[in-house]
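Report on one structure; see the data block that follows.
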Amino acid sequence: MDMHGGPHSMVSFGYERCVHWPLLLQHGWAVLALNTVGSSSYGDEFASRLCGHWGELDLPQWQAAVEHLRSEGVVGRDVACFGHSYGGYLSAWALSHDPSLIAGVVSGGITNLESHTGTSDSGYYVGPYSMCGELHEMRDRYRALSPINHVANIHAPTLILQGQDDERCPVGQGEELLGALIRKGDVKVEMMLFPGGSHHLSSTGRPSHRATYYRVLVDWLESARVGTATTVRGHDAKPARGKEEREDLADA
């Protein structure tokens, strides 16, 4: 499941956003990319319907599509999720609400709607708009729809990809998820931090970063499918295994 950002956006078939698709297909994966509720592809009402219901309305549509493809013999037992930006949010939400997933990749995502509202360069208006109310008015909703508050339900190996200079979904969002899963203690989790990487590092970042980004993404999903416990490796980045290593995740 390759979940697009936005959420008021749509699936892009531009090569810079689909570099990993041919690699996954080569390894026998099927890629599902949907314009679920909240996407901008079916008009304003369809897009705005998701406000105040992040994850609650769109994840069930993903799950229904997977089950339909399974009934047609296209999908087998192994299902994983990946997403960037809002897609990263939805990937984290899926990991905490769908126990059938074998792995997930959260890229530049929102994990805590409360802290994101105060630290993102767009949080001061994205938060209130997306949650249908100000933080001080709707704090319970912000918390209920934050993946960080459902970490206890995450059991699948989780990879976090993050640009160090991301101002849209700041590095703290990924660090909160990393720290929570480390403290949980029973989930394989790694975080790869890209020095100087912006929110768009996977599409317009340094070539070496983009090559590493997509390589480790595919390797992570592959290692989960074959049941291995390999650690991700890249040309110019190394993963975090604990809080003490997070300041030295990548050195290029």
Side-chain angles (χ1 to χ4, degrees), residues 2-7 9 12 14-24 80-92 95 103-113 115-124 126 147-148 157-182 188-221 223 231-252:
D2 193 324
M3 300 158 162
H4 71 67
S9 181
S12 170
Y15 177 73
E16 72 279 3
R17 298 189 183 278
C18 305
V19 175
H20 54 303
W21 287 10
L23 296 174
L24 290 171
C81 60
F82 159 75
H84 176 72
S85 195
Y86 176 79
Y89 164 88
L90 191 55
S91 183
L95 286 165
V105 180
V106 177
S107 172
I110 300 170
T111 63
N112 186 333
L113 283 159
S115 59
H116 179 268
T117 297
T119 59
S120 166
D121 63 354
S122 63
Y124 70 96
V126 168
I148 197 68
T158 302
L159 174 64
I160 304 164
L161 300 175
Q162 180 71 45
Q164 188 173 32
D165 293 346
D166 188 340
E167 296 182 348
R168 187 60 41 84
C169 296
V171 63
Q173 295 295 304
E175 288 180 325
E176 286 191 50
L177 181 59
L178 174 69
L181 288 176
I182 289 174
K188 181 187 176 187
V189 57
E190 294 182 8
M191 179 177 182
M192 186 165 285
L193 189 63
F194 293 83
S198 73
H199 190 59
H200 306 289
L201 76 92
S202 63
S203 57
T204 61
R206 294 171 54 179
S208 61
H209 283 180
R210 282 181 276 164
T212 299
Y213 177 99
Y214 286 110
R215 183 181 304 109
V216 299
L217 190 167
V218 173
D219 287 349
W220 186 264
L221 299 181
S223 67
T231 296
V232 295
R233 289 286 180 248
H235 281 318
D236 54 6
K238 61 182 180 181
R241 300 186 192 181
K243 290 182 179 179
E244 69 279 5
E245 297 184 48
R246 282 186 285 166
E247 296 303 318
D248 185 31
L249 304 185
D251 52 20

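Here the side chains of Leu95 and Val106 are in contact, with some heavy-atom distance below 4.5 Å. Between Pro195 and His209 there is a side-chain heavy-atom pair separated by less than 4.5 Å. You'll find the side chain of Asp166 stays beyond 4.5 Å of the side chain of Val171, heavy atoms only. Counting heavy atoms from C-beta on, the side chains of Val19 and Tyr213 never come closer than 4.5 Å.
Ser91 places a side-chain N or O within donor-acceptor distance of the main-chain N or O of Val105, the cut-off being under 3.5 Å. Proximity of a side-chain donor or acceptor of Ser120 to a complementary backbone N or O of Thr117 within less than 3.5 Å is not detected. Under the 3.5 Å distance criterion, the side-chain polar atoms of His116 are matched with a main-chain donor or acceptor of Arg168. A donor-acceptor pair under 3.5 Å links the side-chain atoms of Tyr214 to the main chain of Ser202, judged by distance alone. Gln162 places a side-chain N or O within 3.5 Å of a backbone atom of Cys169 that can act as its donor or acceptor partner. Under the 3.5 Å distance criterion, the side-chain polar atoms of Gln173 are matched with a main-chain donor or acceptor of Thr111.
Heavy-atom minimum distance, Leu221 versus Ala103: CD2-CB, 4.3 Å. Taking every heavy atom of both residues into account, Asp2 and Trp21 meet most closely at OD2-NE1, 2.8 Å.
Donor-acceptor pairing under 3.5 Å is lacking for the side chains of Ser9 and Tyr86.
Not counting sequence neighbours, the partners of Phe82 by the ring pair (Phe, Tyr, Trp, His ring centres under 6.0 Å) test are His20. Legend: residues meeting side chain to side chain contact (heavy atoms under 4.5 Å, CB included) with Ala180, ordered by chain and number and at least two apart, are Ile148, Val151. Taking the ring pair (Phe, Tyr, Trp, His ring centres under 6.0 Å) definition, one finds that His199 meets it with His84, sequence neighbours left out.
Test Leu159, Leu161, Leu217 against Ser107 for side-chain contact (heavy atoms from CB on, under 4.5 Å) and you get one pass: Leu161.
Rounded to the nearest 0.5 angstrom, Ile160 CD1 and Met192 CE are separated by 12.0 Å. Interatomic distance, Glu175 CD to Ile182 CD1, rounded to the nearest 0.5 Å: 10.0 Å.
For Glu16, the CD atom counts as densely surrounded, since its 6.0 Å shell holds more than 12 non-hydrogen atoms of other residues, nucleotides or ligands. For Arg210, the CZ atom sits in a packed shell: over 12 heavy atoms of surrounding residues, nucleotides or ligands are nearer than 6.0 Å.
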